[in-house]
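A short write-up of the structure that comes next.
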Amino acid sequence: MLDIKFIRENKDIVQAGAKKKHVDIDIEKLITLDDERLKELKEVEDLRAEVNRVSNDIARDQDSALKIQLIEEMRTVKEDIKAKEEKLKKTIEEWQKIMLQVPNVPDMSVPEGDGEENNKEILTWGEKPRFDFTPKDHVELMLKLDMVDFERGVKVHGFRGYFLKNDGAELSWAIWNYARKFFGEKKFSTFIAPAIVRKQHLYGTGHLPGGAEDIYQTQDEDYLSGTAEIPMMGYHSNEIIGKEELPKRYLAFSPCFRREAGAHSKDTKGLIRVQEFYKLEQLILCEASHTESVKYHEEINRNFEEFLESLDIPYRRLEICTGDLKSAHVKSYDTEAWIPSQNQYRELSSASYYHDFQARRFNIRYKDEAGKYHFVHSLNSTAVATPRILVAIVENFQQADGSVKIPEVLRKYMGDREFITK
RNA sequence: GGAGAUGUGGCUGAGUGGUUGAAGGCACCGGUUUCGAAAACCGGCAUCGGGGCAACUCGAUCGUGAGUUCAAAUCUCACCAUCUCCGCCA
C-alpha cells in the first residue's frame, strides 16, 4: 500500500509505474474519490464536534428545561450524522478497494518490458556441465536411485504429489543443515515459522487481493502460506521496533503451499513445480532509506548466488522487467540454475524489495532520533527451496553410470560419501 | 470440545455513563543541585487523521467490530486473544 499523500503528490509517477506494470488503474479517479472521502469525513467530523460540545453543555447545565431542549436538538443531529456516516463508509470501502490495487512504483533501474520474455540476463556464473553421454532428467535419475516416488505420491496426495525417500530425503536434510550453517554465518537469526496464517497477513505482503486462486484456504478461513515471508512479516505487525534493533535479519524455515492453479499444463512431471515444498527464506527489515534497501537487496541476492557457487551449480541472474514485476515489488532479481535435461535455466530464487509498501499494511514502525515514526522497509529472498534445488543438483552432477556426485560442501551431511549410488 | 476468569498508554495500575486521552507509580527526556554521579526537587512525555506558516485546533482510538445513549474505557451483543480447571492428543 502506498501513502495516499504520496500518491496525491506524485500522481504522474504512480500512474506511469502502474502502466509499466500493466496494472489498469486510474489514479486521477482515485484522487477524485479521495477528495470525496475527505469532504464527507469533514462533514461527519464537524457534526460530531457539535454533538461533543453540546453534550458537555448538557452535562454542566442545571436548567432541566434547557437540557431537554438540547437533547432533543442533538437527537436530530445524530440522525444527520448517521446518514452521512453511511455514505462515508461506502466511500471508504471503495477507496480502500482501489488503494489495495495501486501497485508499488518500480525502481528507475528496472528494465522495461511486457512479460517474462523481457526479463534481462545480468550475469551468468559457472560452467555448464559437458556430458560425454546423454544426460538424464532428474525424474529418471532419482527414480533409478530410489530417491523419490511419484506414483505413490499421486496415490496419496493427488496431482503433483511426491514422496522423497532414502537419499532423496537425506539430501534434503543435508541441504537444510548446510543452509542453516551457511546463512547462520551471515548473522541471520533462525526461525521455524507457521505456515497457517490469517487472511490479513496475505493482504499485508501483497499476495491478496489477486492471486487468491493460488492459495489454499482452511475451513476456519485461514490460509496456507506459500512462503515464510508472510508469517515473518506478520511477526512484527502492529509493533514499534527500536531503531537500534534495525536491521532485523531473519532466516525462516517453513513448509510452503501453492495450488499452482494457473499452471496445470506446466512442468507436469517431476519436482520443479509441486504444491507442497519447504523453503528457507531470508527476510530483512531495515530503516526507511532507499540506499539501505538497495544495499540489503543486493546482499541477500548475492547470498543466494554465493550459496549456489559453494555448491558449484551454474546459474544466471535475471533482472525482472516492469511487466513481470509483482504489484508490491520495487525491484526483483531471480536466480536461475542450469537444468541440463531442459537445456535452460530454471528459477531457484527470487529477491525483492518493497520500500514501506508492506510495512504500511502490517503497521511496522520504528522511531528515529527526533522521535518521529517511520514505517520500516522490508526485503526478502529465497535462501533455499527444496525439493526444487535437488533437480539442479542431481542433473548437474550426474555421472555416466546414473550415480550422482555429491557437492563437496554437502558430503559431511551425507555420511561423508562422494556419490549417491543405487 | 466443556466450564469459569480476564483484556486500559513502553511497563505497572486506578477508573462502572458526563470537561477522562485517561489518576498514581516505574521507565524515559530536559532542568535545578553536584567536581561528577546517585538521591531529591521542578518540568515534559500516546498514536493516527483533518485544518493552520505557526501558536494551536477539530475528529478518532482504553483487545476488535457492531449496538444502546444527547453523552461510553464504563451498558448490550458478536468475535479475537490470554489464564485456570476438565476432556482429548503428537
Side-chain angles (χ1 to χ4, degrees), chain A residues 1-9 30-100 102 192 194-204 217-223 231 234-246 248 254-255 285 288 356-376:
Chain A
M1 169 114 55
L2 293 173
D3 185 0
I4 183 65
K5 273 192 203 155
F6 175 85
I7 295 173
R8 294 188 72 109
E9 285 163 16
L30 171 63
I31 290 174
T32 307
L33 184 63
D34 190 48
D35 289 338
E36 184 61 28
R37 179 185 69 95
L38 290 174
K39 190 185 132 230
E40 290 174 9
L41 185 66
K42 176 108 174 69
E43 284 173 10
V44 168
E45 286 188 353
D46 285 348
L47 287 175
R48 278 190 195 144
E50 191 191 344
V51 170
N52 287 345
R53 202 169 47 238
V54 175
S55 289
N56 281 337
D57 291 344
I58 292 170
R60 262 170 295 169
D61 214 310
Q62 297 303 312
D63 181 346
S64 59
L66 183 63
K67 233 178 200 171
I68 289 163
Q69 191 203 326
L70 288 174
I71 289 172
E72 208 45 57
E73 278 173 26
M74 283 310 100
R75 220 169 255 158
T76 57
V77 176
K78 274 277 296 237
E79 266 163 45
D80 198 9
I81 291 180
K82 218 164 201 170
K84 287 197 159 72
E85 272 177 343
E86 206 61 41
K87 200 161 161 244
L88 175 64
K89 198 177 157 195
K90 284 206 179 99
T91 306
I92 288 176
E93 274 169 15
E94 202 192 334
W95 180 86
Q96 271 169 339
K97 208 174 135 202
I98 298 175
M99 283 296 283
L100 283 173
V102 178
I192 296 175
I196 302 174
V197 297
R198 294 169 191 275
K199 193 177 191 174
Q200 68 210 58
H201 299 108
L202 287 120
Y203 279 100
Q217 199 175 346
T218 75
Q219 65 268 48
D220 303 313
E221 291 188 35
D222 294 321
Y223 287 77
Y235 186 72
H236 284 298
S237 58
N238 296 315
E239 286 185 19
I240 293 163
I241 301 172
K243 187 171 183 253
E244 67 287 352
E245 291 175 57
L246 296 175
K248 292 277 191 191
S254 80
L285 302 178
D356 63 6
F357 190 92
Q358 294 184 320
R360 191 175 294 280
R361 292 187 182 180
F362 277 106
N363 190 27
I364 306 173
R365 294 176 296 166
Y366 70 94
K367 206 178 194 171
D368 69 16
E369 292 84 350
K372 216 175 156 236
Y373 289 89
H374 303 272
F375 292 107
V376 299

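Reminder, nothing fancy here: chain letters follow the sequence lines and each chain counts from 1. Quantities reported herein were computed from a predicted structural model and do not represent experimental measurements. Atoms considered below: every heavy atom in the structure, side chains included; atoms not considered: hydrogens, waters and symmetry mates.
- A search for side chain to side chain donor-acceptor pair (under 3.5 Å) contacts involving D46(A) returns K42(A), not counting sequence neighbours.
- Taking a cutoff of 4.0 Å between a charged side-chain nitrogen and a carboxylate oxygen, R360(A) and D356(A) qualify as a salt bridge.
- Applying a 4.0 Å cut-off to non-hydrogen atoms, the residues of residues 65-86 of chain A that approach RNA chain B are I71(A), M74(A), R75(A), K78(A), K82(A), listed by residue number.
- Base pairing analysis places rU82(B) opposite rA5(B); the two distances defining the Watson-Crick or G-U wobble pair are each below 3.5 Å.
- Residue-environment remark: CD1 (I196(A)) stays at or below the threshold of 12 foreign heavy atoms within 6.0 Å.
- When the salt bridge (Lys or Arg N to Asp or Glu O under 4.0 Å) test is applied to E9(A), no partner is found at least two apart in sequence or on another chain.
- Note on V54(A): nothing from the nucleic acid sits closer than 4.0 angstrom, heavy atoms only.
- The base-pairing partner of rA14(B), taking Watson-Crick or G-U wobble contacts with both distances under 3.5 Å, does not exist among the strands shown.
- A distance-only check finds a donor-acceptor pair linking the side chain of R361(A) to the backbone of L100(A) [under 3.5 Å].
- Under the side chain to side chain donor-acceptor pair (under 3.5 Å) criterion, E239(A) pairs with H236(A), not counting sequence neighbours.
- If you check the side chains of T91(A) and E40(A), you find a donor sitting under 3.5 Å from an acceptor.
- In this structure D57(A) satisfies the salt bridge (Lys or Arg N to Asp or Glu O under 4.0 Å) test together with R60(A), sequence neighbours excluded.
- The stretch residues 1-9 of chain A comes close to RNA chain B through K5(A), each having a heavy atom under 4.0 Å from the strand.
- Contacts of R8(A) classified as salt bridge (Lys or Arg N to Asp or Glu O under 4.0 Å), with partners at least two apart in sequence or in another chain: D34(A), D35(A).
- Where RNA chain B meets chain A (any atom under 4.0 Å from a heavy atom), the bounding nucleotides read 5' to 3' are rG18(B) to rA81(B).
- Contacts of R198(A) with the nucleic acid, taken as non-hydrogen atoms under 4.0 Å apart, involve only primed sugar atoms and P, OP1 or OP2.
- Base pairing of rG67(B) is made with rC75(B), judged by Watson-Crick or G-U wobble geometry with both donor-acceptor distances under 3.5 Å.
- Of the residues in residues 34-49 of chain A, those lying under 4.0 Å from RNA chain B by heavy-atom distance are L38(A), E45(A), R48(A), A49(A).
- The partner of rC41(B) is rG31(B), judged by Watson-Crick or G-U wobble contacts that both fall below 3.5 Å.
- R53(A) pairs by the side chain to side chain donor-acceptor pair (under 3.5 Å) definition with nothing, not counting sequence neighbours.
- rG21(B) is unpaired under the criterion used here, namely a Watson-Crick or G-U wobble arrangement in which both key atom distances are under 3.5 Å.
- With a cut-off of 3.5 Å on both Watson-Crick or G-U wobble distances, the partner of rA54(B) is given as none.
- Position along RNA chain B of the nearest nucleotide to Y373(A) versus V51(A) favours Y373(A) as the more 5'-ward residue.
- Under the rule for a ring-ring contact (aromatic ring centres under 6.0 Å, His included), the partners of Y366(A) that lie at least two apart in sequence or sit in another chain are H374(A).
- For I192(A), the CD1 atom sits in a loose shell: 12 or fewer heavy atoms of surrounding residues, nucleotides or ligands are nearer than 6.0 Å.
- In this structure, A59(A) and R365(A) both approach RNA chain B, and ranking their closest nucleotides by distance from the 5' end singles out A59(A).
- Using atom C1' as the reference point in both rC86(B) and rA71(B), the two lie 44 Å apart (nearest Å).
- Annotation: side chain to side chain donor-acceptor pair (under 3.5 Å) contacts of E43(A) (sequence neighbours excluded): none.
- R75(A) has a carboxylate O that lies under 4.0 Å from a charged side-chain N of E72(A), or vice versa, which qualifies the two as a salt bridge.
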